[in-house]
Amino acid sequence: MTAGFGSGDGRPAGAEPADASGSMAGRPGPLPPRIEPQPGSTWSTTPSGGTDPARPVPAPRAERPVPPNTGQWGPPPTAFGGAGHQGPGAPTTAPGPGAYPPAAPGFPGVTGYPPPGPAGTAPSTTAGYPGGPAHWPASPPADRPTRRRWPAVLATVAVVVLAAVAGLQAYQLDRLGDRLADTDRRLAQAQDGDLARLDSLDKRAETLEKQAGAAFNPEAVASAVLPSVFRVRAGEFTGTAFAVGKPASGGGTNLFTNFHVVEAVWDGGGREVFLERTSQRFPATIVKVDKTNDVAHLRASGKFSGLVTAPAAAKSGQQIVVVGAPLGLEDSVTTGVVSALRPAQGGSGPAIQFDAPINPGNSGGPVINGSKEVVGIATAKARNAEGIGLAVPIKVACDGFKIC
């Protein structure tokens, strides 16, 4: 299409001048614009600016097809109604007076104008605004904002859940700390109680050990005493002697026995006797005698372990062990209890009565308590009776000879 625009002479487009020699003849300028229709057109512009329905509508060029207007919101509507946008399928109306024709076939796809309709129809125009642009939707679909809000909602929920989990874990850790502290306190209390019980058990064990040591054990007493007890041979008589106290001042060992055991040698003027033990024989000398209490002091040149004497007197019911050589049988042991303490009678000193069996040869042997201490010297037994033996208290012998 060709078109031109002049300075304007007041004539409508396409009109010829009324008179070439008139008042307008002398005014230079281009000819008024003329619109040449394209082949196949059925309408054209009238001088009054309207449209002529009798003329054909120009069709798009075959060699340059018009692309569909596919904008952001989908395909455009097919026509423009008088009241606004009309969707697909809306009826089209013929262009009325004053409406602009559609875009010329030479300018396809012009922004703001819809593609031409089918042949023989005219595009609709907007009511009250001829030739105005189409009213396209200005807002996005309704579901897009909702979809965009979902990530924010999910993030908020995740934050809330994490905060709740963190709070729960903190609470559990706090409770666990309290339980651990309580357990530590209980363990400390239990340990203190255990220590107290251990101390109490130690004290009780010490007491039991003392009691066990003080308890009567004939086997232990015999094993501790026997190495210090000997069979003594004085002439034709035999008896028993035992080492006592510390070693003698000039060397050797002090021993006790009964006077009636060495009486024959002493009265005969002799002083030498012999100590026998396990096929060994040791010479000893009678140092001093006490006829009233029936005690004799011997001294041997050899060194033997002396027994310990009891500091206190024997008591009735006290358990004892008697060691000697009855009838010459050395290392014989009998047990019993202290029956009574007898005062001195008929020119004899005090005596300890006990019920341990003794026989000839036990004379001069030690009477031992449960603490392995000498409480007396076995002296005699009652004739025609059983369980009645007599012993000289060790204190009497120690006081008389000063060797304990």
Side-chain angles (χ1 to χ4, degrees), residues 213 217-235 237-266 269-290 293-312 320-326 328-334 358 361-379 391-404:
N217 188 351
E219 182 180 359
V221 173
S223 64
V225 171
L226 283 175
S228 302
V229 179
F230 303 88
R231 180 176 60 195
V232 60
R233 186 175 295 277
F237 296 92
T238 61
T240 304
F242 62 93
V244 64
K246 298 178 181 181
S249 58
T253 304
N254 293 316
L255 296 96
F256 277 139
T257 187
N258 283 142
F259 170 71
H260 71 264
V261 173
V262 298
E263 183 177 2
V265 175
W266 179 265
R271 298 291 184 266
E272 186 178 25
V273 296
F274 294 94
L275 305 176
E276 298 176 346
R277 178 177 177 76
T278 62
S279 71
Q280 291 181 336
R281 197 173 192 184
F282 308 96
T285 301
I286 303 172
V287 178
K288 186 179 179 180
V289 297
D290 182 0
N293 294 305
D294 196 14
V295 180
H297 172 203
L298 305 179
R299 181 175 294 169
S301 59
K303 294 182 179 180
F304 307 104
S305 177
L307 299 179
V308 179
T309 59
I320 57 171
V321 174
V322 179
V323 182
L329 302 174
E330 61 180 351
D331 296 338
S332 295
V333 178
T334 58
I358 59 173
N362 280 111
S363 297
V367 178
I368 311 296
N369 62 15
S371 299
K372 305 173 186 178
E373 298 172 341
V374 181
V375 296
I377 302 172
T379 299
V392 178
I394 192 63
K395 187 175 183 305
V396 173
C398 290
D399 292 344
F401 295 94
K402 309 294 182 183
I403 62 174
C404 298

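Position 1 is the first residue of the sequence; numbering continues from there.
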Rounded distance [0.5 Å steps], [atom1] in [X] versus [atom2] in [Y]:
X      : Y      : atom1 : atom2 : answer
Glu272 : Ile286 : CD    : CD1   : 9.5 Å
Thr309 : Lys395 : OG1   : NZ    : 10.5 Å
Asn254 : Phe401 : CG    : CZ    : 11.0 Å
Leu255 : Phe242 : CG    : CZ    : 8.5 Å
Phe274 : Leu298 : CZ    : CG    : 12.5 Å
Ile394 : Phe256 : CD1   : CZ    : 5.5 Å

Exercise. So does Phe237 have more than 12 non-hydrogen atoms from other groups sitting under 6.0 Å from CZ?
Worked result: no
Looking only at heavy atoms, what is the nearest atom pair of [X] and [Y], with distance?
X      : Y      : answer
Gly324 : Asn362 : CA-ND2, 3.7 Å
Ala397 : Val295 : CB-CG1, 4.1 Å
Cys404 : Val244 : SG-CG2, 4.4 Å
Thr379 : His260 : O-CE1, 3.5 Å
Arg277 : Asp331 : NH1-OD1, 2.8 Å
Gly328 : Arg231 : O-NH1, 2.7 Å

For this session: Kindly indicate whether the side chain of Arg271, heavy atoms from C-beta on, has any atom under 4.5 Å from the side chain of Trp266.
Result: yes
Problem set entry | Val273 side chain reached by Val261 side chain, heavy atoms, under 4.5 Å | no
For this session: Run the numbers on Thr240 and Val232 for side-chain contact (heavy atoms from CB on, under 4.5 Å), then give the verdict.
Result: CA-CA 5 Å; Thr240 304; Val232 60; 5.6 Å; no
Between [X] and [Y], is there a donor-acceptor pair closer than 3.5 Å when you use the side chain of the first and the backbone of the second?
X      : Y      : answer
Asp294 : Asn258 : no
Thr253 : Ala300 : no
Asn369 : Lys372 : yes

Contacts under 3.5 angstrom, residues 221-229 side chains, donor-acceptor by atom type, not counting sequence neighbours:
from: Ser223; atom 1: OG; to: Glu219; atom 2: O; distance (Å): 3.3
from: Ser223; atom 1: OG; to: Ala220; atom 2: O; distance (Å): 3.0
from: Ser228; atom 1: OG; to: Ser305; atom 2: O; distance (Å): 2.4

